[in-house]
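Before any comments, here is the structure.
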Amino acid sequence: MSIFEMILLAIVQGITEFLPISSDGHLAVVNALLQAGGKGEVPDLLETTIVLHLGTLASVLIFYRREIIRLLTTNRRAILPLIAATIPAGVIGVGIEKGLPDETTKWLLESPLFAGFGFFITAAALWWLGRTKEGEIDYPDTPTWKAVVIGFFQAAAILPGVSRSGLTISSGVGLGLRREAAATFSFLMAIPVIGGAGLLKIKDAVDKGTTSTPIPTLALGFIVSMLVGIAALWVLLRMLRRGRLELFVYYLVPLGIVVTGWQLLK
């Protein structure tokens with residue numbers, strides 16, 4: 001993978017991981033566009049995706065560092081709901097990665113057509129969020145069963161085009177959490193999921209020797225996605241406090257129409 005391609009994908013990842021528009025969906029579409037432009041298939045896309053996800057994981061660790069310290073010291077009651085919310089995505093993610101043939105996994109997780117349909121799902125969740133009154137529950141007080149429900153919405157976001165932040169924040173608010181508490185819960189519960197997925201993929205890449213992209217290029221992608229991710233987190237929280245996340249519907253619906261039309265008619 002060239003440095004230009006890596007920077008482009010890292011910027012896309014950093015913006016879309018936290019804004020509710022699906023990072024995986026945009027990476028799949030950008031990859032398809034690069035191929036259509038004569039670049040050929042972008043090598044090591046899954047490995048690169050994991051590296052960029054780890055960059056945005058670092059964004060969460062930096063942005064929420066004080067909340068994480070409180071979680072480990074004075075706010076430990078939040079640990080149980082966070083663990084409960086992590087289980088569905090962990091089980092489903094490992095099942096897909098280990099239980100399906102590589103070609104099926106690649107088709108399922110990198111398909112721009114699936115991404116196009118997924119954008120509509122995310123748009124529907126955000127439209128619903130804009131019409132839902134926030135509750136009063138703070139994230140450490142989330143009942144375990146509600147945390148599991150939010151976890152299943154996070155698991156659905158393994159499909160491209162389906163935004164993890166969009167679905168988990170929307171479901172959290174729908175289950176009675178405050179808007180900002182739902183966002184905090186969403187990003188804290190992402191830490192073990194993104195980290196675990198990254199470790200699994202790194203192990204697979206090392207075992208199979210499939211990564212041909214130079215380490216400095218991967219490191220550049222990590223840094224760019226981390227810095228852009230921090231900025232995107234700041235923007236998302238400002239929009240969430242003002243109740244403006246549903247504005248992304250006006251982006252996602254046309255995008256979904258264009259991407260699905262392009263894939264069905266090509």
Side-chain angles (χ1 to χ4, degrees), residues 13-14 17-20 23 50-94 129 134-155 157-158 163-203 222-223 225-243 245:
Q13 169 68 21
E17 175 66 27
F18 302 119
L19 297 183
S23 59
I50 292 301
V51 169
L52 301 185
H53 272 74
L54 292 177
T56 48
L57 172 60
S59 302
V60 177
L61 296 176
I62 293 170
F63 195 89
Y64 282 104
R65 62 191 181 279
R66 294 186 181 89
E67 196 65 45
I68 293 170
I69 292 172
R70 283 194 290 270
L71 181 67
L72 298 175
T73 54
T74 61
N75 219 6
R76 292 179 182 174
R77 71 185 190 280
I79 294 177
L80 179 59
L82 285 169
I83 291 175
T86 302
I87 293 173
V91 172
I92 293 173
V94 171
L129 174 63
E134 68 175 334
E136 299 179 353
I137 301 174
D138 200 3
Y139 84 89
D141 302 318
T142 306
T144 302
W145 74 268
K146 290 187 178 184
V148 172
V149 172
I150 298 172
F152 276 105
F153 279 99
Q154 175 170 249
I158 196 170
S163 167
R164 197 199 62 80
S165 63
L167 263 66
T168 53
I169 292 173
S170 297
S171 60
V173 171
L175 290 168
L177 273 69
R178 294 185 298 104
R179 285 177 178 263
E180 193 163 348
T184 301
F185 190 74
S186 169
F187 296 125
L188 290 179
M189 67 189 276
I191 292 174
V193 171
I194 298 175
L199 290 175
L200 283 174
K201 184 51 63 179
I202 289 172
K203 180 180 182 301
F222 176 91
I223 293 170
S225 64
M226 178 184 68
L227 295 177
V228 176
I230 292 172
L233 271 170
W234 181 81
V235 170
L236 179 136
L237 288 178
R238 284 181 62 87
M239 294 186 69
L240 183 65
R241 288 167 186 151
R242 297 176 181 180
L245 284 188

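These numbers were taken from a predicted model, which means no experiment stands behind them. If you read the sequence from its start, that first residue is 1, and numbering goes on from there.
Looking at residues two or more places apart in sequence or on another chain, you find a side-chain hydrogen bond (donor to acceptor under 3.5 Å, both in side chains) between Ser163 and Ser165. When the side chain to side chain contact (heavy atoms under 4.5 Å, CB included) test is applied to Leu227, the partners found at least two apart in sequence or on another chain are Ile223. Contacts of Arg77 classified as side-chain hydrogen bond (donor to acceptor under 3.5 Å, both in side chains), with partners at least two apart in sequence or in another chain: Asn75, Asp141. Thr168 pairs by the side-chain hydrogen bond (donor to acceptor under 3.5 Å, both in side chains) definition with Ser186, not counting sequence neighbours. With sequence neighbours left out, the salt bridge (Lys or Arg N to Asp or Glu O under 4.0 Å) criterion links Arg76 to no other residue. Arg179 pairs by the side-chain hydrogen bond (donor to acceptor under 3.5 Å, both in side chains) definition with nothing, not counting sequence neighbours. Looking at residues two or more places apart in sequence or on another chain, you find a side chain to side chain contact (heavy atoms under 4.5 Å, CB included) between Leu80 and Thr144. Under the rule for a side chain to side chain contact (heavy atoms under 4.5 Å, CB included), the partners of Ala147 that lie at least two apart in sequence or sit in another chain are Pro81, Ala84, Ala85, Thr142, Phe185.
Residue Ile150 holds its CD1 atom at 11.0 Å from CG of Leu167, rounded to the nearest 0.5 Å. Atom CD1 of Ile87 and atom CZ of Phe152 lie 9.5 Å apart (nearest 0.5 Å).
Scanning all heavy atoms of the two residues, the minimum distance from Ala183 to Ile169 falls at CA-CG1, 3.9 Å. Pairing each heavy atom of Gly166 with each of Pro20, the nearest pair is CA-CB, 3.7 Å. Of all heavy-atom pairs spanning Ala190 and Gln154, the tightest one is CA-OE1, 3.8 Å. Among all heavy-atom pairs drawn from Gly55 and Ser225, the shortest one is CA-OG, 3.4 Å. Minimum heavy-atom separation, Val148 to Pro88: O-CG, 3.9 Å. The shortest heavy-atom contact between Gly229 and Ser59 is CA-OG, 3.6 Å.
The backbone N or O of His53 lies less than 3.5 Å from a partner atom in the side chain of Thr56, making a donor-acceptor pair.
Two residues are said to be in side-chain contact when any heavy atoms from C-beta on lie closer than 4.5 Å; Leu61 and Ile191 meet this criterion. With a 4.5 Å cut-off on side-chain heavy atoms, Val149 and Phe153 count as touching.
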Return all side-chain donor-acceptor pairs below 3.5 angstrom for residues 236-243, not counting sequence neighbours, or 'none' if the list is empty.
residue : atom : partner : partner atom : Å
Arg241  : NE   : Glu180  : OE1          : 3.1
Arg241  : NH2  : Glu180  : OE2          : 2.9

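Residue pairs satisfying the side chain to side chain donor-acceptor pair (under 3.5 Å) criterion with at least one member in residues 60-70, sequence neighbours excluded, are listed as follows: Glu67-Arg70, Glu67-Tyr139.
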